[in-house]
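One structure is given below, encoded as structure tokens.
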Amino acid sequence: MDLTYTESEQAFREECRAWLEAHVPRTPLASHNTREGFAQHVAWEHELFDAGWAVVSWPKRFGGREATLIEWLIFEEEYYRAGAPARVTQNGIFLLGPTLFECGSEEQLERILRPMARADFLWAQAWSEPNSGSDLASVRSTARRVEGGWRLSGNKTWCSRGSFSDGIYGLFRTDPDSQRHRGLTYFMIHLDQPGITLRGVDDLDGEEAFAEVFLDDVFVPDADVIGEVNQGWRVAMATTSSERGLSLRSPGRFQATADRLLTLYAERGRPERLRDRVLQSWMDAEAYSLYTYQTVTRMREGGHIGADSSLNKIFWSEMDIATHETAMALLGESAWLAPDAPDATEGWLHDFLFSLAGPIYAGTNEIQRNIVAQRVLELPR
Amino acid sequence: MDLTYTESEQAFREECRAWLEAHVPRTPLASHNTREGFAQHVAWEHELFDAGWAVVSWPKRFGGREATLIEWLIFEEEYYRAGAPARVTQNGIFLLGPTLFECGSEEQLERILRPMARADFLWAQAWSEPNSGSDLASVRSTARRVEGGWRLSGNKTWCSRGSFSDGIYGLFRTDPDSQRHRGLTYFMIHLDQPGITLRGVDDLDGEEAFAEVFLDDVFVPDADVIGEVNQGWRVAMATTSSERGLSLRSPGRFQATADRLLTLYAERGRPERLRDRVLQSWMDAEAYSLYTYQTVTRMREGGHIGADSSLNKIFWSEMDIATHETAMALLGESAWLAPDAPDATEGWLHDFLFSLAGPIYAGTNEIQRNIVAQRVLELPR
Amino acid sequence: MRAAFTEDQLTLAEAVRTALQAECNAEALRRAWTETHDFWPLLAEQGVLALSAPESLGGMGMGALDWVNVAVEAGKVALPAPLGEHLAIVELLAEAGHGELVEAMTTGEARVSAAFAGDAEKTYAVNHGRGEAVVVLGPAQATLVRQPVYTTQATADQSLQLASVDGDGESLDGDAARAFDRAVLANAAQLLGVAETILDLAVEYAKARRQFGKPIGSFQAVQHHLVDALLKRRFAAPVVHRAAHSLDTDDPRRSVHVSMAKIYAAEAAELACRKSLQVHGAIGYTFEYDLHLYMKRAWALSAAWGSVAWHRDRVAATVLGDSHG
Amino acid sequence: MRAAFTEDQLTLAEAVRTALQAECNAEALRRAWTETHDFWPLLAEQGVLALSAPESLGGMGMGALDWVNVAVEAGKVALPAPLGEHLAIVELLAEAGHGELVEAMTTGEARVSAAFAGDAEKTYAVNHGRGEAVVVLGPAQATLVRQPVYTTQATADQSLQLASVDGDGESLDGDAARAFDRAVLANAAQLLGVAETILDLAVEYAKARRQFGKPIGSFQAVQHHLVDALLKRRFAAPVVHRAAHSLDTDDPRRSVHVSMAKIYAAEAAELACRKSLQVHGAIGYTFEYDLHLYMKRAWALSAAWGSVAWHRDRVAATVLGDSHG
């Protein structure tokens with residue numbers, strides 16, 4: 001157990017920090033859930049990629065710098081500490097990217113990864129259907145075999161920032177006689193194809209954070225199938241245990257939030273009545289970081305995250321809400337002022353609302369608890 | 001809405017208080033889960049009954065004083081405020097008694113109620129079987145028709161203070177072909193009958209708080225069947241909505257505990273770090289009392305408690321644990337000293353351990369939440 | 001002892017419910033974002049504005065037990081109007097000799113809101129920021145600002161206009177502490193109402209939405225979430241009702257009881273938000289579904305008139321005899 | 001950065017586990033109520049008593065990272081002996097020039113326990129109350145009581161003998177603060193261990209016990225109870241490990257990290273008790289079933305060496321710069 005950083009890790013941190021200090025925009029960008037803000041974020045991603053910071057843990061040939069997982073955690077800590085912009089590439093680089101590394105062909109890696117990482121081509125996930133949320137396997141959208149590819153029809157929803165994206169990825173039923181997990185195939189779909197209709201869906205903030213995508217006989221070439229036909233479920237699941245995946249939510253974000261909370265607490269005169277809640281948030285962010293360093297060490301030494309990622313998700317999502325609730329309590333009535341109100345305080349309201357989505361997206365916490373019960377504790381179904 | 005007491009209610013309170021002040025034993029009795037302590041408690045019950053305080057809300061002919069439900073709440077408040085002994089008759093007067101009022105014959109009422117109320121004949125409940133705890137309907141014990149009565153065989157467990165009791169009551173399967181709730185009959189069984197073997201079971205305190213009862217062809221006369229044969233489930237359920245039942249746990253006990261907690265907090269120098277927990281316990285005891293007064297008012301005006309009793313049980317059992325946990329925290333290391341240790345502090349350890357049983361007995365809180373979901377919120381099964 | 005409302009009280013609340021449910025649905029709330037959708041004339045017409053005013057000034061002289069369920073109904077529909085504030089201050093203004101103003105208020109001609117004078121630097125008045133006066137009200141003092149300078153402050157709850165208030169005030173010669181407690185009670189009652197709506201939406205959704213081949217409301221985790229929210233809501237109600245009783249009877253512990261009402265109602269509403277959103281899942285997180293209209297109101301009400309932590313300090317000061325915070 | 005134990009560290013803990021699981025099962029704990037079932041010779045034989053003593057005094061000179069998992073194993077079996085106290089104080093005694101005593105302690109000939117000098121009037125030493133000395137240890141001072149006068153104090157945890165300590169003490173000239181932090185860490189590690197046993201019992205029971213025609217472990221409510229307990233236990237472990245690291249590296253925030261270890265481990269153990277008992281139902285509430293042996297140990301450990309609230313104050317004083325409590 002050595003919780004101190006090596007010299008090279010320390011050097012990596014300093015390099016990150018110096019670059020971020022020099023380049024992170026001084027004024028916060030507009031929200032990435034708006035068209036204007038999204039464009040600003042895309043420009044930032046270009047800058048990040050061109051300097052080699054977009055995908056630090058990826059191979060150099062795809063724009064990475066082959067950083068270790070520990071270095072990736074360091075990068076994330078510095079990134080959030082610097083208050084750098086939200087990552088509009090995240091559903092590409094943390095979800096589709098890892099899937100391709102696990103199951104993609106060499107041709108796909110070559111063609112897709114760099115544009116994904118540079119935000120030249122933006123990807124949105126398309127897991128849910130109107131009647132398939134928690135029950136991910138109840139996919140109804142279909143794909144029909146045609147010459148050189150497939151014709152896709154159906155309806156996908158809750159595609160984050162789908163309105164501003166170039167492509168989506170998700171599962172379609174390729175075997176019409178199949179049930180549930182079987183007979184599904186993993187497709188990547190370009191949103192400029194004929195047959196696609198998109199409807200923007202606003203979130204609690206009133207911003208177009210989601211899109212619903214309607215597919216009517218949309219052509220997808222064979223080259224955009226990941227893994228084997230009818231093996232889409234296995235492909236999707238392979239991602240969840242990938243060490244590069246979003247399943248390993250980096251602690252940097254939560255530590256930066258906890259630090260902001262401490263500052264807010266001091267600014268508000270350290271109200272005794274909220275002390276224990278502030279303290280708990282700070283300690284939980286530490287605990288989450290320590291837990292993650294242990295997980296990452298295990299993975300570096302050949303282990304897998306597996307169903308543990310569900311424990312992670314429960315922890316960070318509930319911690320994140322508690323932290324933001326405490327911030328709102330510190331702010332009092334002014335917490336609820338809209339961003340354009342004269343007395344508005346920066347950021348907390350938006351972040352509070354976003355934190356509420358944590359126990360819902362990427363598998364509700366109820367589903368995560370089921371997974372932990374059945375796979376970690378090995379309780380019967 | 002009139003939350004002040006009428007003159008007659010006030011007079012009733014003063015009468016209770018005066019009698020209790022004059023009669024409650026100055027030194028606490030030994031634990032009622034020991035043979036010695038049980039005997040002391042029985043003597044107390046005699047005194048209580050003879051003065052007309054054992055069953056205040058019952059008809060006069062059974063030893064009550066026909067008090068209103070509000071008066072019953074007042075009696076309970078005064079009883080616990082006075083620190084009077086635990087009621088060893090409770091499984092009789094609050095469970096079997098109400099069942100007899102609802103479903104018993106006139107002969108049964110005449111024969112059973114007074115000895116029950118005076119603690120001349122002590123009753124223990126026998127709902128559970130080794131494989132039938134939460135799943136109350138999975139009764140395996142059987143009753144076989146014989147001349148003039150029934151022969152009972154099987155195994156009942158968790159009979160509180162069964163080792164010191166004279167009789168038990170519970171459900172037996174009288175229709176051998178029946179499933180679950182059907183074909184059960186409600187019996188009262190004298191424990192001095194041939195064929196009965198009793199095994200004491202110690203609780204967390206190491207006291208013989210429970211008994212397991214083995215029945216081998218035990219004779220029970222027809223006179224000791226309550227309600228109709230094969231309708232035992234209905235008889236048992238009728239009790240749960242009885243206004244005289246334990247389902248309406250009186251607030252007096254919790255308010256007395258909260259008052260003791262406030263005293264303890266002050267004695268320990270008002271440690272800031274435990275303030276909010278102490279406050280919450282006190283407020284919750286108030287809230288529970290207010291809720292109960294509304295329930296009782298509704299029942300006096302013809303309403304039924306029904307599945308609301310499950311909400312009650314969840315609330316008081318969780319409040320009770322929190323209150324005792326806070327007391328233990330106030331006491332620190334000395335909280336865990338055994339009653340006979342030189343530095344022991346009175347009562348809290350025993351009461352803490354007992355509080356932990358609250359979410360388990362009389363239907364676990366998981367079962368209670370299911371009942372509320374299905375019967376109050378009308379969610380599907 | 002009779003812990004239930006009178007027939008008259010229930011009938012009044014029922015009448016207001018009928019009127020509000022008809023007029024102030026989710027559609028109306030959405031309209032209120034952009035248009036001035038004004039519910040004040042409706043309230044005047046229903047006699048609601050006159051409830052707590054003295055009979056000598058054209059009011060109905062009713063007490064807190066009479067109007068508390070009216071405030072609950074206002075909460076249920078997330079009424080975008082400072083009804084609670086109005087009910088709280090008319091009596092104080094009458095005591096302080098502002099009879100004419102009170103008369104105009106009961107008919108809806110004059111609009112006076114109230115703002116909490118707490119620890120924060122600024123005070124915010126809910127809605128009709130354009131009203132002719134604002135009472136700035138704390139637990140021990142009240143001032144009347146006659147020509148307030150408003151700065152409109154948009155909030156997350158778009159149907160609720162907030163304004164920070166500046167301007168000279170005159171001290172009001174009346175029972176400010178009582179008026180403050182009334183304002184807190186009205187706030188708690190609205191929280192109770194909005195918690196119910198938020199929970200009802202979740203229960204209905206859980207019955208209709210199917211996953212894994214059955215309604216999600218049949219899953220134990222979903223059932224227990226909703227039961228937990230129900231439990232909080234149910235046990236908060238009598239605490240709110242008792243506070244109304246203590247106001248009407250001038251109970252020596254009135255302020256403790258009122259603060260408890262706020263604590264229980266706010267916690268019930270906040271838990272209802274959490275559980276309802278979780279049971280809804282993604283749909284509850286959208287702008288087009290109605291849940292957020294009520295959640296945002298719950299949050300706004302919870303933050304107004306003293307936070308839960310603020311009121312906990314107030315209860316502790318009396319009950320535990322300490323002076324924390 | 002490598003957030004994992006070394007092979008040597010894991011091998012040591014594994015060896016201790018094997019020895020303890022063989023000797024200190026539930027049966028042995030029950031025997032310890034009445035007979036003097038003494039585990040000290042076993043610990044001496046296994047070399048455990050020598051772990052943290054300096055090599056110059058016949059010890060192994062090991063650090064907290066080396067012995068922290070040994071303490072976890074002691075917790076798992078609810079070892080009825082003050083091993084944590086022993087591990088915490090040998091280095092302090094060596095520093096203070098009590099070399100001979102330390103040598104005798106590492107072989108098990110001398111028995112010295114330690115007691116927390118907290119806010120309470122009395123100090124209690126765990127087990128071998130008959131030991132020849134007691135170190136009374138607080139966050140900033142340590143005294144050695146050479147001929148302690150013991151008053152035996154039975155506790156709920158019958159296998160753990162407690163004694164209040166009186167007698168004159170001599171101030172120990174060594175790093176008391178560090179020794180105190182070691183004692184707290186050892187306490188936290190044992191809590192982590194006992195939490196695991198308590199949770200394991202529940203998981204096994206949930207698989208075996210059937211109700212409504214299926215194992216209770218298949219019910220979502222039961223599953224989620226157990227997952228909540230697992231979550232707390234899992235996230236407490238790295239916090240305890242980090243505290244050991246900070247002790248060994250003399251991290252400037254060592255005391256914060258140690259207090260966090262206590263907070264997380266105690267809360268994990270307490271939640272494990274609640275959930276495990278609830279999942280067991282009535283059987284868990286009996287004296288004949290083993291669960292209570294471990295629950296009572298968890299409660300006793302949680303109350304020892306500063307409560308969660310006490311340690312929270314200590315963390316807040318540093319992290320939030322306030323001086324509450």
Side-chain angles (χ1 to χ4, degrees), chain A residues 1-6 9-10 68-71 73-74 258 261-262 265-266 270-272 274-276 278-280 282-284 286-298 300-301 303 308 310-312 314-315 318-319 365-366 368-374 376-381, chain D residues 1-6 9 63-66 68 199-200 202-203 206-207 214-220 222-232 234-246 248-249 251 253 256-257 259-260 263-264 309 312-313 315-316 319-322 324-325:
Chain A
M1 181 88 48
D2 180 6
L3 301 179
T4 52
Y5 296 96
T6 64
E9 286 164 352
Q10 197 53 46
T68 65
L69 280 173
I70 300 284
E71 286 166 343
L73 293 181
I74 292 169
L261 185 70
L262 254 55
Y265 176 69
R270 297 189 167 79
E272 199 57 50
L274 296 172
R275 188 202 75 159
D276 279 357
V278 171
L279 190 66
Q280 192 65 45
W282 181 83
M283 292 195 300
D284 279 348
E286 289 262 300
Y288 184 72
S289 168
L290 294 166
Y291 189 82
T292 307
Y293 274 101
Q294 290 203 355
T295 306
V296 160
T297 299
R298 209 170 63 242
R300 279 187 76 180
E301 299 181 359
D308 264 16
S310 294
L311 278 169
N312 268 24
I314 299 166
F315 191 90
E318 294 178 357
M319 161 178 75
N365 283 15
E366 290 72 37
Q368 305 294 352
R369 283 185 162 85
N370 291 353
I371 291 172
V372 174
Q374 289 156 22
V376 181
L377 296 177
E378 298 178 347
L379 290 166
R381 274 174 185 277
Chain D
M1 165 76 69
R2 182 179 175 274
F5 288 96
T6 63
Q9 286 161 346
L65 282 167
D66 300 307
V68 67
L199 183 56
D200 285 350
V203 171
K207 289 177 186 171
K214 48 186 176 178
I216 61 169
S218 64
F219 288 98
Q220 212 177 15
V222 170
Q223 293 192 344
H224 290 195
H225 278 325
L226 294 173
V227 169
D228 287 344
L230 176 72
L231 191 74
K232 277 272 192 195
R234 280 285 185 93
F235 278 84
V239 176
V240 172
H241 301 160
R242 192 261 302 260
H245 184 268
S246 295
D248 286 353
T249 57
D251 190 283
R253 285 215 156 170
V256 165
H257 297 168
S259 285
M260 277 183 65
I263 295 165
Y264 278 72
R312 203 172 268 140
D313 283 354
V315 177
V319 173
L320 303 183
D322 70 19
H324 172 58

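Just so it is clear: chains get the letters A, B, ... in the order the sequence lines come, proteins before strands, and each one is counted from 1.
The candidate with the highest count of non-hydrogen atom pairs below 4.5 Å against chain A, out of Gln9(D), Gln220(D), Arg312(D), Met260(D), is Arg312(D).
Of all heavy-atom pairs spanning His241(D) and Gln294(A), the tightest one is ND1-NE2, 2.9 Å. The shortest non-hydrogen separation linking Phe235(D) to Leu311(A) is CE1-O, 3.9 Å. Across every non-hydrogen atom of Arg381(A) and Ser218(D), the tightest pair is O-CB, 3.3 Å. In terms of heavy atoms, Ala3(D) sits closest to Leu3(A) at CB-CD2, 3.8 Å. Taking all atoms of both residues into account, the shortest heavy-atom contact from Lys207(D) to Pro380(A) is CG-CD, 4.3 Å. Heavy-atom minimum distance, Thr297(A) versus Ala4(D): CG2-CB, 3.7 Å.
Only the side chain of Ile263(D) comes within contact range of chain A, with at least one heavy atom under 4.5 Å from a heavy atom of that chain. Leu262(A) touches chain D through its side chain: at least one heavy atom from C-beta onward sits under 4.5 Å away, while N, CA, C and O do not. Within the 4.5 angstrom heavy-atom criterion, only side-chain atoms of Ile70(A), from C-beta onward, approach chain D. In this structure, chain A has a heavy atom under 4.5 Å from the side chain of Leu65(D), while its backbone stays farther away. When heavy atoms are compared at a cutoff of 4.5 Å, Gln368(A) does not approach chain D at all. Looking at Val256(D), the atoms closer than 4.5 Å to chain A (heavy atoms on both sides) all sit in the side chain, from C-beta outward. Only the side chain of Asp308(A) comes within less than 4.5 Å of a heavy atom in chain D; its backbone stays farther off.
In this structure, the side chains of Met1(D) and Leu73(A) stay at 4.5 Å or more apart for every pair of heavy atoms. Residues Asn370(A) and Gln223(D) are in side-chain contact: their nearest non-hydrogen atoms beyond the backbone lie under 4.5 Å apart. Side chains of Val227(D) and Ile314(A) form a contact here, defined as non-hydrogen atoms less than 4.5 Å apart. Looking at Glu286(A) and Val315(D), their side chains never come closer than 4.5 Å, going by heavy atoms from C-beta outward. Trp282(A) has its side chain out of reach of Leu320(D): every pair of non-hydrogen atoms, C-beta onward, lies at least 4.5 Å apart. In this structure, the side chains of Met283(A) and Tyr264(D) come closer than 4.5 Å at one or more pairs of heavy atoms.
Take Glu71(A) and apply the side-chain contact (heavy atoms from CB on, under 4.5 Å) test, not counting sequence neighbours, and it matches Ser8(A), Glu9(A), Phe12(A), Ala67(A), Thr68(A). Partners of Asp251(D) under the side-chain contact (heavy atoms from CB on, under 4.5 Å) rule, at least two apart in sequence or in another chain, are Ser246(D), Thr249(D), Arg253(D), His257(D).
Taken to the nearest 0.5 Å, the CG atom of Asp248(D) stands 10.5 Å off from the CE atom of Met1(A).
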Check the pair Arg2(D), Arg300(A) against side chain to side chain contact (heavy atoms under 4.5 Å, CB included), reporting the backbone distance first and the verdict last. CA-CA 9 Å; Arg2(D) 182 179 175 274; Arg300(A) 279 187 76 180; over 6 Å; no

Before giving the answer on side chain to side chain donor-acceptor pair (under 3.5 Å), spell out for His224(D) and Glu366(A) the whole-Å C-alpha distance, their side-chain angles and the decisive distance to 0.1 Å. CA-CA 8 Å; His224(D) 290 195; Glu366(A) 290 72 37; over 6 Å; no

